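Okay, structure first, notes after.
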Amino acid sequence: MLRLSTLFVRTLREDPADAEVAGHRLLVRGGYIRRAAPGGFTWLPLGWMVYRNVERIVREEMDREGFQEVHFPALLPREPYEISGRWTDYGDNLFRLQDRRGADMLLAPTHEEMFTLLVKDLYSSYKDLPLVIYQIQNKFRDEARPRAGLLRGREFSMKDSYSFDIDDAGLQVNYDKHRAAYMRTFDRLGMPYVIVSAMSGAMGGSASEEFLAPLAVGEDTYVRCTRCDYAANTEAVQVAPPVSPAMADAPPAKVVDTPDTPTIQTLVDLMNGRPDLRHPDRDWTAADTLKNLVVTLRHPDGTTSALAIGVPGDREVDIKRLEAQVSPAEIEPFTEADFAANPHLVKGYIGPESLGEASPSGIRFVVDPRIVDGTRWITGANSAGRHVVDLTAGRDFTADGVIEAAEVHHGDPCPVCGSPLEIARGIEIGHIFQLGRRYAEALGLTVLDQNGKTRVVTMGSYGIGVSRAVGAIAELNCDDKGLVWPREVAPADVHIVATGKATDPQLPAAEALAARCEEAGLRVLLDDRVGVSPGIKFNDAELLGVPTIVVVGRGLADGMVELKDRRSGDKHDVALADVVAQLRDLL
RNA sequence: CGGGGUGUGGCGCAGCGGUAGCGCACCUGCUUUGGGAGCAGGGGGUCGGGAGUUCAAAUCUCCCCACCCCGACCA
């Protein structure tokens, strides 16, 4: 039994100055956690109970699938990470240190290498597979900016598992098992979630999905369909290409003088205001224009190349989406010097006819999926102050490829069903990812198959942020009075408040009730503090957020106590004799 | 790494050249007990650090450091 009279906790009346988001504030005010380092938190007894409940649920759902838990050191030597390339790839986010002999060490940011090497150590036959092993451990990342309490720390707890299979079919099976296990886990944690595709098909990547908790304070932007179940990370949104208009209907392209039209809007206004340029049956809009942006790509080997991106003029190029498409190359602005070096490009009037690998400029030209053959565009004519009208894709120009880099707008059609998409914010709480053979290849994890031939193992990696989940649960389950824990993660099932003086009958009655509750299998938090006013006790009960509150107060004279649901605020009087039975029904 | 902000008792804050304060929390006593009680008494702070200016620095100047927020970055 937890007794508030002796529990190591101090609730705060006022908000801590350094906590911004509601969940974080309440976790600190309720005495669940304390900040101990930038991005590092101490778990106080109540917080540690909640943490362990979350961990237990995650573990139970892993074990249910037959996955096996292992435990690694957090302090690791450089070599494995050197071999996989991540000693350098991880950059500044890796915590590096040296031992007394000057040997490079690191604090593990994640353990792919160690899992892979461990399996390589022990297994060498296809008969040993499939295998799934997992860990629940603290990870260390030197985040540039920790924020929002538990939502982004520099030391944090994560469950991650790895699957090892001989072939893609086996990988798919383990991927699906994790997907199902994660859905069960988040349901039990009382967390709403959205599963979004995390990697664009244009990358040709393997399957990867993120579990996002819908939180306004989250760091990820995603879209979801207002009608069907389509959802995707913004980076991964696929635009449904329109049906190609008939090419034969397209009038010939015509170059026109368009002075003083530095922006899309001024161009559209001029077109609509000039009788000779007006559209026969409607106004031109920005969506009729084709905007061409040139950037420089810096490739990992240090070389650079230019890339031109064509998007409809009513939307900008989304740099994050573009980066996701061109990764691992990095994007740099196209400078004046670059323009000077490319005389075929007229700044502000770049047109498709000067772009493309086969064009005089030789610059690779990729376009938004909306730019299908037969679509007609107003776009730059590669000549200052001039644009071209009715330039028709597939007839007047052909792009080198398609790219998903245009901004996604609220209300864009869903690629699956065509209904409007909505844009929302969330935070990643789980990620399932078909890694494939990258680590197995780099670290030499192979087994012999049935024919005695060497086969590279294929892997999957699956993570749940455990400490982050605690932060997200708090954020998702709170009101202006305090936290409201889902029952399975709550530090107790029932919070019993005894009012009255030390000599009043309420305290012994509450003690007796608490004992009976425990016998009935309920986890009890008893507020047995004496000399504390009822107001403080009620407020603390609401702040701490145990799902059910029982007040042993002035009704006791009539044999009654008050039973209150923390979430709804509903309360009613119950005969003392019936309380335990009613509480058990809540479980 | 850019921009902004803050460092004064456990927490939240005021003070901005002249004896370090307020509220909450804490300790003692008495009263009080259904929504963060009252009275009386009390303990606790090298004012983030260093250097300077000054008769005198929490306060002014310079240099550091730490933390928070926004952005960049980020499984």
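Lettering of chains follows the sequences in order, A, B, ..., and the numbering in each one begins at 1. A quick note: this is a predicted structure, and the numbers were derived from the prediction, not measured.
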Legend entry - nucleotides 31-40 of chain B: protein proximity per nucleotide (B base, S sugar-phosphate only, - neither; heavy atom, under 4.0 Å): --BBBBS---
Inset, instruction - Name the closest nucleotide to the A:Glu14 side chain, picking from B:rA75, B:rG12, B:rC70. - result: B:rG12
Inset, instruction - Not counting sequence neighbours, list each pair that qualifies as a salt bridge (Lys or Arg N to Asp or Glu O under 4.0 Å) and has a residue in residues 33-46 of chain A. - result: A:Asp18-A:Arg35
Inset, instruction - Nearest whole angstrom, please: distance from the P of B:rA75 to the CG of A:Leu212. - result: 14 Å
So which protein N/O to nucleotides 13-15 of chain B N/O distances come out below 3.5 Å?
none

Legend entry - Integer angstrom distance from the C1' of B:rG52 to that of B:rG17: 15 Å
Inset, instruction - For nucleotides B:rG18 and B:rU59, find the distance between their C1' atoms and express it as a whole number of Å. - result: 11 Å
Legend entry - Whole-Å distance separating the CZ atom of A:Arg468 from the C1' atom of B:rA75: 8 Å
Inset, instruction - Could you check how far CZ of A:Arg35 sits from P of B:rG12, rounded to whole Å? - result: 11 Å
Inset, instruction - Write out all pairs satisfying salt bridge (Lys or Arg N to Asp or Glu O under 4.0 Å) with one or both partners inside residues 493-508 of chain A, taking only residues at least two apart or from two chains. - result: A:Arg487-A:Asp493, A:Asp493-A:Arg523
Legend entry - Cationic N near anionic O, under 4.0 Å, A:Lys564 to A:Glu542: yes
Legend entry - Same-atom distance (C1') from B:rG49 to B:rA58, integer angstrom: 14 Å
Inset, instruction - For the residue pair A:Tyr134 and A:Lys159, establish whether any side-chain heavy-atom pair is separated by less than 4.5 Å. - result: yes
Inset, instruction - Salt-bridge test for A:Arg188 and A:Glu61: reply yes if a basic N is under 4.0 Å from a carboxylate O, no otherwise. - result: yes
Inset, instruction - Residues of residues 105-117 of chain A with any non-hydrogen atom less than 4.0 angstrom from an atom of RNA chain B: list those, numerically ordered, please. - result: none
Legend entry - Consecutive-pair stems (3 or more, Watson-Crick or G-U, under 3.5 Å) for RNA chain B: B:1-7 with B:65-71, B:10-13 with B:21-24, B:26-31 with B:37-42, B:48-52 with B:60-64
Legend entry - Basic-acidic side-chain contact under 4.0 Å: A:Arg529, A:Asp527: yes
Inset, instruction - Give a yes or no on whether a salt bridge exists between A:Lys139 and A:Asp160, defined as a side-chain N under 4.0 angstrom from a carboxylate O. - result: yes
Legend entry - Distance, C1' atom - from B:rG12 to B:rC68, rounded to whole angstrom: 15 Å
Legend entry - Touch class at under 4.0 angstrom, heavy-atom based, for A:Phe156 against every strand present: base
Inset, instruction - Give a yes or no on whether a donor-acceptor pair under 3.5 Å exists between the nucleobase atoms of B:rC74, that is its base, and the side chain of A:Arg152. - result: yes
Inset, instruction - Provide the distance between the two P atoms, one in B:rG50 and one in B:rG41, to the nearest whole Å. - result: 37 Å
Inset, instruction - Check whether any side-chain heavy atom of A:Leu544 sits under 4.5 Å from a side-chain heavy atom of A:Arg29, and report yes or no. - result: no
Inset, instruction - Take atom CG of A:Leu44 and atom P of B:rG10, then tell me their distance rounded to the nearest Å. - result: 17 Å
Inset, instruction - Quote, to the nearest angstrom, the C1' distance that separates B:rG7 from B:rG43. - result: 25 Å
Inset, instruction - Return the value, rounded to whole Å, for the distance between atom CD of A:Glu219 and atom C1' of B:rA72. - result: 13 Å
Legend entry - Charged N-O contact under 4.0 Å between A:Glu511 and A:Arg3: yes
Legend entry - Closest-nucleotide ordering on RNA chain B, the 5'-leading residue of A:Ala37 and A:Asp15: A:Asp15
Legend entry - NZ/NE/NH1/NH2 to OD/OE distance under 4.0 Å, A:Asp165 and A:Arg437: no
Legend entry - Salt-bridge contact A:Arg184-A:Glu65 (side-chain N to carboxylate O under 4.0 Å): yes
Legend entry - A:Asp528 bridged to A:Lys537 by N-O distance under 4.0 Å: no
Legend entry - Separation of the P atoms in B:rU19 and B:rC47, to the nearest angstrom: 15 Å
Legend entry - Closest to the A:Arg10 side chain, choosing from B:rC74, B:rA25, B:rG71: B:rA25
Legend entry - Same-atom distance (C1') from B:rG9 to B:rG23, integer angstrom: 13 Å
Inset, instruction - For A:Ile429 and for A:Pro146, find the nucleotide of RNA chain B with the closest heavy atom, then tell me which residue's nucleotide is more 5'. - result: A:Pro146
Legend entry - Sidechain N-carboxylate O distance under 4.0 Å for A:Glu219, A:Arg425: no
Inset, instruction - Quick one: label A:Glu210 by what it contacts on the DNA or RNA (base, sugar-phosphate, nothing), any heavy atom closer than 4.0 Å. - result: nothing
